[in-house]
Each structure stands twice: as structure tokens, then as C-alpha cells.
Amino acid sequence: MNEEYDVIVLGTGLKECILSGLLSVDGHKVLHMDRNDYYGGASSSLSLNQLWKRFRGDDKPPESLGSSKEYNVDMIPKFMMANGALVRVLIHTNVTKYLNFKAVDGSFVYNKSKIHKVPATDVEALKSPLMGLFEKRRARKLFIYVQDYEDNDPKSHEGLDLTKVTAWDLIQKYGLEDNTVDFIGHAVALHRDDSYLDEPGLDFVKRMKLYAESLARFEGGSPYIYPLYGLGELPQAFARLSAVYGGTYMLNKPECKVEFDENGKAIGVTSEGETAKCKKVVCDPSYMPDKVQKVGRVARAICIMSHPIPNTSDSHSAQVILPQKQLGRKSDMYLFCCSYTHNVAPQGKYIAFVSAEAETDQPEVELKPGIDLLGSVDETFFDIYDIYNPTNKEDDDNCFISTSYDASTHFESTVQDVLAMYHKITGKEVDLTVDLSSASAAAAE
């Protein structure tokens, strides 16, 4: 390993693989290493045997569940917004040629102890059983304001400066009830808690617009898309991209110790007695435990079922958001379901996940409100993992550490972390103003 690299990337989680791909396309000389012998790191997809081994200690699941290799169970289950940042990155880098996507059937919200379809346009708002007649009219006015809002057209702002007016002030202008605010803020704008209400309204409006634009992108009942064969396909697709542009990959490299000079700057990585030199190191939190701090935990239940989630119109794939207020929690809970139609389980089988930021040490109890909505379940596995944020100063040590994956079941926060890291490393922004009409070709249906 006598060569010197611009960047050495440690770990093949999705964030690290996207960064590796973007940097390689940009002309940087990249070496990508992982202690594991498979791609994906924390964001890998497991076969049934691998799932059994990880959670039950052996690799002999019951035969009634079907063939192990037909399962692709995501460890970090997330859908993509059809018009969102990750799809734009996929198109910008041309990674779409390695993947096939399918629209997700349904987008739902839990409100007053029931599951409802999320209305995302003024027309849907008028049909929704979530609101009474007068409330529907008020909500419709907000949806129309959002649909018409354009940054560079002051006439569409109706005299409001959304960089100063808070989301709460904007909502109050339309006199909406708490329950309406709940589903719009959490299931349309996809905020994870209510802190957004005190922040400038521009982000809230942009998030609502993203939802509506994503919904219009494909012929589906939701704004989400998801790759066939699960999310484990994504890291591998970005790895292929990096390789095409000269990136080097080494799996199954034990230890991977980052080396520093006398000024505390990263200068290389040592594995199996050999050191590869570099100018910068990118990694997930597990490779630099002394430069991160624990900021929370995610509790998750993984459930194998023989039916769709009840009350979701028999959707083969769906997201249900349970806003914090509906459950008396500090943050939202998420249901994510996909099935054999996305090639992640055998015919007739569904995989559902219940995820939340852990507020106790008992995931079984804490996740019960979500699990109770699933109906009968063939098998359940409980998982709880720590969330880490970096504490280092990148300018001081040349180390760029990703944050852990949050509990949300969509990719917007994940991609924002990647784009922020890319900017810190290169000083440039990724140009995401791509022609999304070509995205239609990326979707299987």
C-alpha cells in the first residue's frame, strides 16, 4: 500500500458509500475499506438465516417461513421521497442504472387511535375523514398556499416573510386545529417532533411541497419509492460507481487503525501490518469511538407477517407515522412495511418494522402501540442501538465522521448528513438540480 489517497473511507454503510461515489466521480483518489466481508455495515440487508443468527444465535429458522435467500431484511429500514435528495443524488451520479425501484403503495398517519391515509393536496384534504367540514376548508387553503408558494415570486408569499415568520404563526393564519397540525407537521412535512413550530416557516413549507411533488412523481398512493431487493442494493450500487471512477475497495480488513501525525491530523490507515497513506479519513462512528458521543438510542421491532398492516387498504408496502402527541411521547414512532412485491420476502410474506427513538430501556413495552397495529405476527425480533454524533473538529484532525441513522423511515435526514460532509471535505455543493423526468426510467413501475 505505497500509494497515497486523497480520501480513505472506512465502513460500507450507505452514507459512506454515497460519499465514496460522489468523491470518486469528482476526481478524488479514494480507497474504501471495511472490517466486514459484506457491503452495507449498519445499513445492510440480511437473509433469513443471517437474521436468525444475529437475533436468535443459530441459522435454522422454521421452514414455514420459506426460503432464506428470498428475504432481504433491512437493518435500517427507510423509504425514499420520489422527488427527494437521495433520488437526485442517484440521478446526478447515474447510479439509477444499477437499481430498479417500485413505488410504495400507501402513506398513512395514526390519529385518534385509527390509521388514516395522509392527504397531501387540497383535493385530498377535502375528502379526508381526518377533519370536519369547516376544518377541511381551512386546511385546503394552507395546501393551496404551499402549492403556489415560490421562493422567487413575492406575490405568492401573501406578505409573509417565511425566513422570519414561524411555522406556528403560518399555521395560526389558517386557524387549524391541533389534530390537523399534528398530521401535517409529522406525516406531510415529516418533522420528528414539535420543535419545528418555533422555527422559521420556510423549511416547513418546503417539506410540504416536497411531499406533494413526490406524490405527483409516480403513479402510486404515496410519495415514496423503494428499491427492489431492499436497501442493501444501494451501498453496492454506489460502490460500483466508485470503482468505475477509479475507487479501490477492500473488504474483510480487520482493525483499520487510523494513524495521526504529531499535529493530530489523520495521515493514513493501518490494517494487517500495512499502512495506506491519505489526506483525509471518512468513517462511521464505530471506527473512531473516541471522537463521537452518544446522543440517544433507537428501538426497533422487526416483524415477519403473512398479511399487510390492517387498515392500510391492503397495501403491500406502506409507511404509517404515529405522531408523538398521539402517543404521549417526545418523538414520533414509525411503521414501515414492505413485502414480496419489492422482492424482500417470499410470496405472501410481509416484513414490518416499528421504530422509535428509545425513551426507555424496554423496547418491547415502548413499541407496543405500533406493534398492536400490525395484527397477528409470525415472528418478532427486538433491536436497540445507540445513536452517535461526532465531537471532533474536522479542520483539526482531517477526520469526517457520519452521524448514526435516526429512527425515521425516510431518507431526507440521511442525505442531508452526506451532503454536509461532502461540502466540508471538498468545499463544494453537490448540484442536485437534475432533470427528474428521467427518474421515471429509474422506477420499475
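Sequence positions, counted from 1, serve as the residue numbers for this chain.
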What distance do [X] atom [atom1] and [Y] atom [atom2] have between them, rounded to the nearest 0.5 Å?
X: Tyr388; Y: Ser404; atom1: OH; atom2: OG; value: 7.5 Å
X: Leu23; Y: Ser242; atom1: CG; atom2: OG; value: 8.5 Å
X: Tyr149; Y: Leu160; atom1: OH; atom2: CG; value: 8.5 Å
X: His32; Y: Leu19; atom1: NE2; atom2: CG; value: 9.0 Å
X: Asp332; Y: Ile321; atom1: CG; atom2: CD1; value: 6.5 Å
X: Glu359; Y: Ser331; atom1: CD; atom2: OG; value: 4.5 Å

Checklist line | Worked verdict on Leu142 versus Ile184 for side-chain contact (heavy atoms from CB on, under 4.5 Å) | finding: CA-CA 10 Å; Leu142 172 62; Ile184 291 176; 4.0 Å; yes
Quick one: does any side-chain atom of [X] pair with a main-chain N or O of [Y] as donor and acceptor, under 3.5 Å?
X: Asp37; Y: Asn252; value: no
X: Gln326; Y: Lys112; value: yes
X: Ser214; Y: Asn83; value: yes
X: Ser317; Y: Cys338; value: no
X: Thr248; Y: Leu31; value: no
X: Thr391; Y: Lys291; value: yes
X: His342; Y: Pro227; value: no
X: Ser20; Y: Glu16; value: no
X: Asp406; Y: Ser408; value: yes
X: Glu233; Y: Gly230; value: no

Within a strict 4.5 Å, meaning less than it, do heavy atoms of the [X] and [Y] side chains meet?
X: Asp151; Y: Leu202; value: yes
X: Ile76; Y: Tyr385; value: yes
X: Cys303; Y: Ile351; value: no
X: Glu429; Y: Leu419; value: no
X: Lys53; Y: Asp58; value: no
X: Met81; Y: Leu86; value: no
X: Leu197; Y: Ile171; value: yes
X: Leu65; Y: Tyr71; value: yes

Distance-only donor-acceptor check, side chains [X] and [Y], under 3.5 Å:
X: Tyr405; Y: Ser413; result: no
X: Ser45; Y: Asp74; result: yes
X: Tyr229; Y: Asn72; result: no
X: Thr180; Y: Glu135; result: yes
X: Ser107; Y: Ser222; result: no

Next item on the list: Can you spot which of Gln319, Lys117, His116 makes a side-chain contact (heavy atoms from CB on, under 4.5 Å) with Phe108?
Entry: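 It is Lys117, the one option of Gln319, Lys117, His116 that forms the side-chain contact (heavy atoms from CB on, under 4.5 Å) with Phe108.
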Item checked: Test applied, side-chain contact (heavy atoms from CB on, under 4.5 Å); reference residue, Val109; option that passes from Asp182, Ile115, Leu130 ->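 Answer to the side-chain contact (heavy atoms from CB on, under 4.5 Å) test with Val109 among Asp182, Ile115, Leu130: Leu130.
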Decide, yes or no, whether a salt bridge links [X] with [Y] under the criterion of side-chain N to carboxylate O below 4.0 Å.
X: Asp203; Y: Arg207; answer: yes
X: Lys15; Y: Asp284; answer: no
X: Arg88; Y: Asp431; answer: no
X: Asp386; Y: Arg297; answer: yes

Item checked: Cationic tip of Lys78 above Tyr224 ring, under 6.0 Å, 45° of axis -> no
Margin query: Taking the cut-offs as 6.0 angstrom to the six-membered ring centre and 45 degrees off its axis, would you call Arg240 and Tyr249 a cation-pi pair?
Written below: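 The answer is no, since Arg240 fails at least one limit relative to Tyr249.
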Margin query: Run the ring-ring contact (aromatic ring centres under 6.0 Å, His included) test on Tyr350 and His307 for me, step by step, so that the C-alpha distance in whole Å, both residues' side-chain angles and the decisive distance to 0.1 Å come before the verdict.
Written below: CA-CA 6 Å; Tyr350 296 73; His307 58 82; 7.1 Å; no
If you take all heavy atoms of [X] and [Y], which pair is closest and at what distance?
X: Arg329; Y: Glu357; answer: NH2-O, 2.8 Å
X: His316; Y: Thr341; answer: CB-OG1, 3.4 Å
X: Pro310; Y: Leu374; answer: CD-O, 3.3 Å
X: Leu170; Y: Val165; answer: N-CG1, 4.0 Å
X: Met421; Y: Ile401; answer: CE-C, 3.8 Å
X: Ala318; Y: Ser315; answer: CB-CB, 4.0 Å

Check: Under the ring-ring contact (aromatic ring centres under 6.0 Å, His included) rule, what pairs show up with a residue in residues 172-195, not counting sequence neighbours?
Finding: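 Output for this query lists His191-Tyr196.
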Check: With Leu251, which residues qualify under side-chain contact (heavy atoms from CB on, under 4.5 Å), at least two apart?
Finding: Thr12, Asp34, Tyr39
Check: Can we call the ring centroids of Phe101 and Tyr226 under 6.0 Å apart?
Finding: no
Notebook entry, point to check: Does the pair Phe336 and Phe79 meet the rule for a ring-ring contact (aromatic ring centres under 6.0 Å, His included), with working shown?
Noted result: CA-CA 8 Å; Phe336 169 110; Phe79 290 132; 4.1 Å; yes
More than 12 non-hydrogen atoms from neighbouring residues, nucleotides or ligands closer than 6.0 Å to [atom1] on [X], yes or no?
X: Lys141; atom1: NZ; value: no
X: Phe55; atom1: CZ; value: yes
X: Asp314; atom1: CG; value: no

Next item on the list: Quick one: do Leu234 and Leu99 satisfy side-chain contact (heavy atoms from CB on, under 4.5 Å)? Show the steps, please.
Entry: CA-CA 8 Å; Leu234 281 172; Leu99 298 159; 3.5 Å; yes
Check: Between Val298 and Arg300, does a side-chain contact (heavy atoms from CB on, under 4.5 Å) hold up when you go through it step by step?
Finding: CA-CA 6 Å; Val298 171; Arg300 177 165 293 133; 3.9 Å; yes
